[in-house]
Protein chains: 2
Amino acid sequence: MTESRASRVSAIAADGSDLHAGSAVSAEVNSAASSGAKKGRTGKANSTIYDIAKVAGVNPSTVSRALSKPGRVSAKTQKLIEKAAAELNYQVNPFARALPTGRTNTIGLIVADITNPTFFDIIRGAQATGNVRDYTLVLAESAESGATELTVARRLMSTADGLILASPRMNDADIRSLFADKPVVVINREVEGVPCVIPDVRKGIGEAVRSIAANGHKKLAFVAGPAQSWMSARRWEGVQEACEWSGVEVIRLESTKPTVDGGRQVARDVLSSGASAVMTYNDLLAIGLMQELQAAGLDIPDQISIIGFDDIFGADFTTPPLTTVRSPLEACGKAAAARLLDLLHGNGELARTLQVETQLVLRGSSGRSPAR
Amino acid sequence: MTESRASRVSAIAADGSDLHAGSAVSAEVNSAASSGAKKGRTGKANSTIYDIAKVAGVNPSTVSRALSKPGRVSAKTQKLIEKAAAELNYQVNPFARALPTGRTNTIGLIVADITNPTFFDIIRGAQATGNVRDYTLVLAESAESGATELTVARRLMSTADGLILASPRMNDADIRSLFADKPVVVINREVEGVPCVIPDVRKGIGEAVRSIAANGHKKLAFVAGPAQSWMSARRWEGVQEACEWSGVEVIRLESTKPTVDGGRQVARDVLSSGASAVMTYNDLLAIGLMQELQAAGLDIPDQISIIGFDDIFGADFTTPPLTTVRSPLEACGKAAAARLLDLLHGNGELARTLQVETQLVLRGSSGRSPAR
DNA sequence: GCGGGTGTGGCAACCGGTTGACAGTGATGC
DNA sequence: GCATCACTGTCAACCGGTTGCCACACCCGC
């Protein structure tokens with residue numbers, strides 16, 4: 001039987017070791033490409049470049065070149081080999097390719113929590129761009145901890161060609177040390193010396209605060225996110241700045257956690273603050289806050305206006321639908337992947353920060369200040 | 001236990017050559033584990049079993065065995081090698097391991113759409129279980145098409161040890177042909193001869209319809225999902241059965257697509273149907289429907305009751321929050337992964353269908369029939 | 001006709017593990 | 001005391017591509 005390739009009998013538990021362990025989810029998207037040969041049964045017996053070489057009557061190395069070094073072989077041989085490859089329904093073995101080259105055609109993406117909808121669109125964007133350029137995106141979760149994040153990043157680094165860090169929790173020095181090793185692109189944070197993609201909060205916030213001021217609100221509360229969040233700090237800065245500019249008084253409230261629950265918990269502080277408009281660090285907080293305020297009998301937006309951040313999936317499920325400052329998350333993911341791939345292919349410009357624009361999405365949860 | 005460590009980050013690109021193409025997202029979750037050696041600069045220069053062999057003064061093959069064949073080497077040598085491995089901060093190269101064995105410690109999961117929240121919890125569950133057993137989960141997207149699904153499945157099959165198909169669109173024969181090749185587990189559908197994990201719709205539907213009947217509703221509309229959806233058919237059957245049992249009249253309405261938009265579009269039919277309660281194929285339809293009905297001035301649940309299916313993320317963001325029949329999606333993901341791993345390790349029971357229970361989650365969108 | 005340049009293909013040595021076959025060792029059995 | 005056997009470790013041949021180096025052809029110009 002020709003080489004049968006270790007039928008998946010396997011066995012072997014490969015259970016965990018003392019250190020490490022980890023797992024991964026990886027999403028693959030087809031692009032075009034029919035699988036080649038017709039019928040299903042082409043199944044298992046994958047062909048190799050050796051098979052192709054035999055059919056085409058050339059050396060395996062020539063096949064390898066024909067398939068991966070455009071122009072290295074003559075047009076005639078090229079045709080020959082391509083025909084044979086198609087005939088045998090050949091597909092490269094990614095492992096075999098990765099072994100000698102170290103090139104895996106894989107980029108890593110690390111997020112704090114796979115199920116956080118904020119990251120959803122980032123994943124999708126990065127995935128889409130990777131897809132186009134024939135790269136696999138490997139997604140890793142850091143469980144919201146800077147330490148595990150670094151561990152995970154190092155491990156991922158060993159099998160991926162480059163890394164995208166979305167809202168990383170680890171410190172700048174660690175990120176730079178990763179970057180020293182292989183290409184890295186950071187999303188939602190600015191790190192000196194490392195290419196970054198960040199939403200330009202000012203435009204969206206400016207629109208939001210202007211809208212608030214125009215609606216007659218005099219006092220705005222900002223519900224902050226996690227203390228270590230770079231993005232939360234930027235948003236707070238932006239809000240302060242815009243408020244100063246617009247002559248709106250602003251106060252800052254703290255949340256326990258950036259979730260729906262955290263939003264509920266902050267409702268009391270919001271009420272006692274006397275603000276007639278609220279902006280929250282993210283949409284989940286806004287949704288929780290809105291639920292709690294409505295439960296307390298408040299009418300939104302007639303009695304209090306609420307504006308979130310991000311425009312996540314479900315932000316328009318609420319009643320009234322949530323007004324929010326949209327971060328173009330999918331665009332961030334796309335841009336980050338594109339930069340990373342450029343870096344990998346040497347078109348690497350200097351490490352420069354790329355800003356993508358935010359914008360206010362006006363829906364029902366914000367409106368005129370109650371005539372008090 | 002000791003050995004193993006299989007860093008299996010992997011992810012595998014399955015990229016390809018001219019044909020093929022595709023990309024993947026893979027999510028990794030750390031577990032515990034400090035990365036081993038202290039400082040950061042251990043960086044790139046990965047050590048190999050050859051390095052360990054030199055340090056420990058044994059043959060590389062002995063190292064290989066010590067690390068992956070428990071009991072094959074003497075305890076003394078084992079200790080020696082482990083010490084050397086730890087010292088060098090060794091991590092197996094997953095590609096090198098995969099090449100000769102064909103074993104990738106990777107399982108594939110195919111969903112129709114990565115951004116569909118229904119699959120979210122399935123992904124998370126499968127991921128969690130895979131993680132525990134030291135397997136990487138590779139997620140592939142089929143773009144809702146049976147044909148691309150098969151293509152993607154075949155490709156994934158070549159790099160994964162087994163496959164999980166969530167709500168597959170391809171036909172039974174194709175699924176069986178995949179199963180003939182490597183272990184496959186299907187979620188949300190029953191395929192003769194292939195292990196399946198499906199929610200037992202009856203319990204949840206029974207509860208829902210009983211609640212509807214108890215609230216005095218006489219006529220229920222069921223908004224169906226895609227024609228080729230196995231799950232939609234089961235739900236319709238379940239609803240019919242339960243309605244017969246409870247003496248509620250039921251009619252079936254068709255939706256254009258199983259999304260929020262589809263829900264909006266079906267609102268007219270719902271209104272003209274004269275039903276006072278509606279169950280929809282999934283939550284997205286329910287949410288869209290609710291929005292449209294509310295926009296038309298209807299009060300929910302006072303004038304019409306709405307019940308969805310799945311209990312996706314955001315189902316409780318609505319006002320009123322959505323009553324829904326929860327499918328334990330995360331449990332499905334976990335169970336499917338567990339079955340697949342059992343299959344891979346030979347503990348494979350016969351192909352049997354596993355049912356997980358559904359339950360009614362009573363929230364605000366359903367209530368008493370309007371006294372008409 | 002000869003030296004030099006360019007375009008092509010072959011050879012063989014990797015990449016880093018895995019594994020079947022086998023040899024050396026010591027223990028055990030009779 | 002010798003054959004048997006279980007236990008350990010080594011040897012070497014893979015897995016399937018990639019790539020540096022070289023050889024051979026062929027074309028060119030002089």
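Order of the sequence lines fixes the chain letters, A, B, ..., with proteins taken first and strands second; residue numbering starts at 1 for each chain. On a predicted model such as this, the values are computed, not experimentally measured, just so you know.
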Need one value for B:Ser61: base, sugar-phosphate or nothing, where a base atom within 4.0 Å counts as base even if backbone is also close, heavy atoms only.
base
Judged by nearest nucleotide, the residue sitting upstream toward the 5' end of DNA chain C, B:Pro60 or A:Lys76, is A:Lys76
Given DNA chain D, 5'-ward residue of the pair B:Leu99 and B:Ala75, judged by closest heavy atom
B:Ala75
Calculate the interatomic distance between A:Lys79 atom NZ and C:dG9 atom P; express it in whole Å.
13 Å
Could you check whether B:Ser64 and B:Arg72, counting side-chain N and O atoms only, form a donor-acceptor pair closer than 3.5 Å?
no
Look at the side-chain N and O atoms of A:Tyr90 and state whether any lies under 4.0 Å from the OP1 or OP2 oxygen of D:dG17.
yes
According to the interplanar angle, ranging from 0 to 90°, do the rings of A:His345 and A:Tyr135 count as parallel (below 30°), tilted (30 to 60°) or perpendicular (above 60°)?
perpendicular
Mind checking B:Thr48 for me? I need base, sugar-phosphate or nothing, with any heavy atom below 4.0 Å counting as a touch.
sugar-phosphate
Nearest to the side chain of A:Arg72, which nucleotide is it out of C:dT19, D:dC11, C:dG10?
C:dG10
OP1, OP2 of D:dC15 versus side-chain N and O of A:Asn93: anything below 4.0 Å?
no
A:Tyr50 has an atom OH; how far is it from atom C1' of C:dA12, in whole Å?
10 Å
Spacing between B:Leu67 atom CG and C:dG17 atom C1', to the nearest angstrom
10 Å
Side-chain contact test, heavy atoms from C-beta onward, threshold under 4.5 Å: evaluate it for A:Arg176 versus A:Val191 and give yes or no.
yes
Output for pair (B:Leu163 CG, B:Met157 CE), nearest 0.5 Å, gives 5.5 Å
Kindly say if B:Arg97 contacts the phosphate of C:dT18, meaning a side-chain N or O under 4.0 Å from OP1 or OP2.
yes
Tell me whether the side-chain N/O atoms of B:Lys69 come closer than 4.0 Å to OP1 or OP2 in C:dT18.
no
Quick one: label B:Val58 by what it contacts on the DNA or RNA (base, sugar-phosphate, nothing), any heavy atom closer than 4.0 Å.
sugar-phosphate
Sequence neighbours excluded, which residues qualify as side-chain hydrogen bond (donor to acceptor under 3.5 Å, both in side chains) partners of B:Ser61?
B:Asn59
Identify which nucleotide among D:dG9, D:dT19, C:dG16 has an atom closest to any side-chain atom of A:Ser64, counting heavy atoms from C-beta outward.
D:dT19
Rounded to the Å, how far apart are A:Phe95 CZ and C:dC15 C1'?
15 Å
Nearest to side-chain heavy atoms of A:Arg65, which nucleotide of D:dT19, C:dG17, D:dT8
D:dT19
Tell me: CD1 of A:Ile49 to C1' of C:dC11, nearest whole Å?
13 Å
CG of B:Asp51 versus P of C:dG16: gap in Å, rounded?
9 Å
A:Ser74 side chain near C:dT8 phosphate (N/O to OP1/OP2, under 4.0 Å)
no
OP1 or OP2 of C:dC15 sitting under 4.0 Å from any side-chain N/O of A:Thr101?
no
Between C:dG16 (C1') and B:Ile52 (CD1): distance, integer Å
11 Å
Starting at CD1 of B:Ile81 and ending at P of C:dG17, how long is that distance when rounded to a whole Å?
13 Å
Would B:Arg133 and B:Asp342 pass as an ion pair if we require N to O under 4.0 Å?
yes
